[in-house]
Amino acid sequence: MTPSPLQLESSFLIHTEVKAAEKIHAEAGQTIKTRIRIGRSPENELEWNVTLGVTFGRNGKVVDAPYHGDVAVEMRFLLHPDYPTEKRESLMQITGASLAYGMIRETVANLTARGPHGTYLLPSVSFLETQRKLAAK
């Protein structure tokens, strides 16, 4: 097994709001919206931050999941110095964001485990397309 060039230094929740739905409009589909911010430390090019927010279960006024809410996390990473400079931002946009989403998914599952609708798992997502859109800008 090879260690990852991306090492998690710290992670924490910065916002958590999860509410149980009174009425679910299942035919509406399931809404997941993400907000991502990635930054490199000005003092150390190997230190990176990923802030990810996920809004889920509500499309306008229509509730389309057993729970709806908004959860945001921040993660701080340290990259291995041998990892190629030109690939670092892409690694953060895909792998860093995926790790942050996993933390949010786990948080929502834990919070809803005692809710009236049972445990709710956010669907799995891929940040590959998000990275392509950011690269195109």
Side-chain angles (χ1 to χ4, degrees):
M1 183 165 54
T2 306
S4 171
L6 183 64
Q7 295 299 313
L8 180 62
E9 293 290 304
S10 67
S11 60
F12 50 91
L13 291 163
I14 54 178
H15 175 80
T16 307
E17 179 184 8
V18 178
K19 295 181 179 182
E22 291 180 27
K23 184 177 179 185
I24 304 165
H25 299 278
E27 68 278 357
Q30 193 175 73
T31 304
I32 304 285
K33 295 179 183 174
T34 60
R35 311 172 302 282
I36 186 168
R37 188 176 69 231
I38 296 177
R40 181 176 55 85
S41 167
E43 293 85 30
N44 182 348
E45 65 181 23
L46 300 176
E47 292 179 9
W48 289 74
N49 285 350
V50 171
T51 304
L52 180 70
V54 176
T55 303
F56 60 94
R58 184 187 288 273
N59 189 1
K61 293 187 178 187
V62 175
V63 175
D64 55 17
Y67 300 90
H68 56 92
D70 183 79
V71 179
V73 301
E74 183 173 327
M75 293 185 144
R76 295 184 181 149
F77 295 95
L78 189 60
L79 285 171
H80 192 279
D82 293 340
Y83 195 76
T85 304
E86 67 277 4
K87 294 183 178 183
R88 291 176 182 174
E89 190 166 2
S90 178
L91 179 68
M92 298 309 303
Q93 291 169 344
I94 297 170
T95 307
S98 295
L99 290 167
Y101 187 82
M103 181 177 167
I104 290 173
R105 193 169 189 245
E106 177 185 359
T107 298
V108 170
N110 284 332
L111 290 173
T112 60
R114 296 213 180 247
H117 307 299
T119 303
Y120 177 64
L121 288 177
L122 290 171
S124 297
V125 298
S126 171
F127 287 92
L128 183 57
E129 192 60 33
T130 303
Q131 186 273 333
R132 287 181 182 149
K133 288 177 185 175
L134 289 172
K137 289 181 182 180

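What you see is a predicted model; the values in this text were computed from it and never measured. Positions are given from 1, in the same order as the sequence printed here.
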(request) Measure across Gln93 and Ile36 and return the closest heavy-atom pair with its distance rounded to 0.1 Å. (result) O-CD1, 4.3 Å

(request) Nearest 0.5 Å please: distance from the CE atom of Met103 over to the CD atom of Glu74. (result) 10.0 Å

(request) Report yes if the side chains of Leu46 and Arg88 come closer than 4.5 Å at any heavy-atom pair, otherwise no. (result) yes

(message) Would you say Ile14 ends up clustered with Val73 if hydrophobic residues are merged whenever their side chains have heavy atoms under 4.5 Å apart, either directly or through other cluster members?
(response) no

(request) Report yes or no: do Thr55 and Arg35 form a side-chain donor-acceptor pair below 3.5 Å? (result) yes

(request) Determine the minimum heavy-atom distance between Pro123 and Tyr101, stating which atoms define it. (result) O-OH, 2.6 Å

(request) Measure the OG1-CG distance between Thr95 and Leu8 for me, rounded to the nearest 0.5 Å. (result) 12.5 Å

(request) Determine, using the 4.5 Å side-chain heavy-atom cutoff (strictly less than), whether Leu13 and Met75 are members of one ILVMFWY cluster. (result) yes

(message) For the backbone of Glu47 and the side chain of Arg76, can you confirm whether one donor and one acceptor N or O come within less than 3.5 Å of each other?
(response) no

(request) Drop me the distance from Thr34's OG1 to Leu122's CG, to the nearest 0.5 angstrom. (result) 11.5 Å

(request) Provide the closest heavy-atom pair for Val63 versus Lys23 in the form atom of the first, atom of the second, distance. (result) CB-O, 3.7 Å

(request) For Leu99 and Leu6, run side chain to side chain contact (heavy atoms under 4.5 Å, CB included): C-alpha distance rounded to whole Å, both residues' side-chain angles, the deciding distance at 0.1 Å, then the answer. (result) CA-CA 11 Å; Leu99 290 167; Leu6 183 64; 4.3 Å; yes

(message) Tell me the closest heavy-atom pair linking Ala100 and Val50, and the distance in Å.
(response) CB-CG1, 4.3 Å

(message) Quick check for you: to the nearest 0.5 Å, what is the distance between His80 atom NE2 and Leu91 atom CG?
(response) 13.0 Å

(request) Would you name the heavy atoms of Phe77 and Met92 that are closest together and state the gap between them? (result) CD1-CE, 3.2 Å

(request) Please confirm whether the backbone N or O of Asn44 pairs with a side-chain atom of Ser41, one donor and one acceptor, at under 3.5 Å? (result) yes

(request) Can you measure from CG (Asn49) to CZ (Arg40) and round to the nearest 0.5 angstrom? (result) 11.5 Å

(request) With rounding to the nearest 0.5 Å, note down the distance linking CG in Asp70 to NZ in Lys19. (result) 11.0 Å

(request) Measure the shortest side-chain to side-chain distance between Phe56 and Val18 over non-hydrogen atoms and say whether it is less than 4.5 angstrom. (result) yes

(message) For Glu86, I'd like to know if atom CD has over 12 heavy atoms of other residues, nucleotides or ligands within 6.0 Å.
(response) yes

(message) For the backbone of Thr119 and the side chain of Tyr67, can you confirm whether one donor and one acceptor N or O come within less than 3.5 Å of each other?
(response) no

(request) Give a yes or no on whether the backbone of Ala21 and the side-chain of His117 come within a donor-acceptor separation of less than 3.5 Å. (result) yes

(message) Can you confirm whether Arg105 sits close enough to Leu121 that some side-chain heavy atom of one is under 4.5 Å from a side-chain heavy atom of the other?
(response) yes

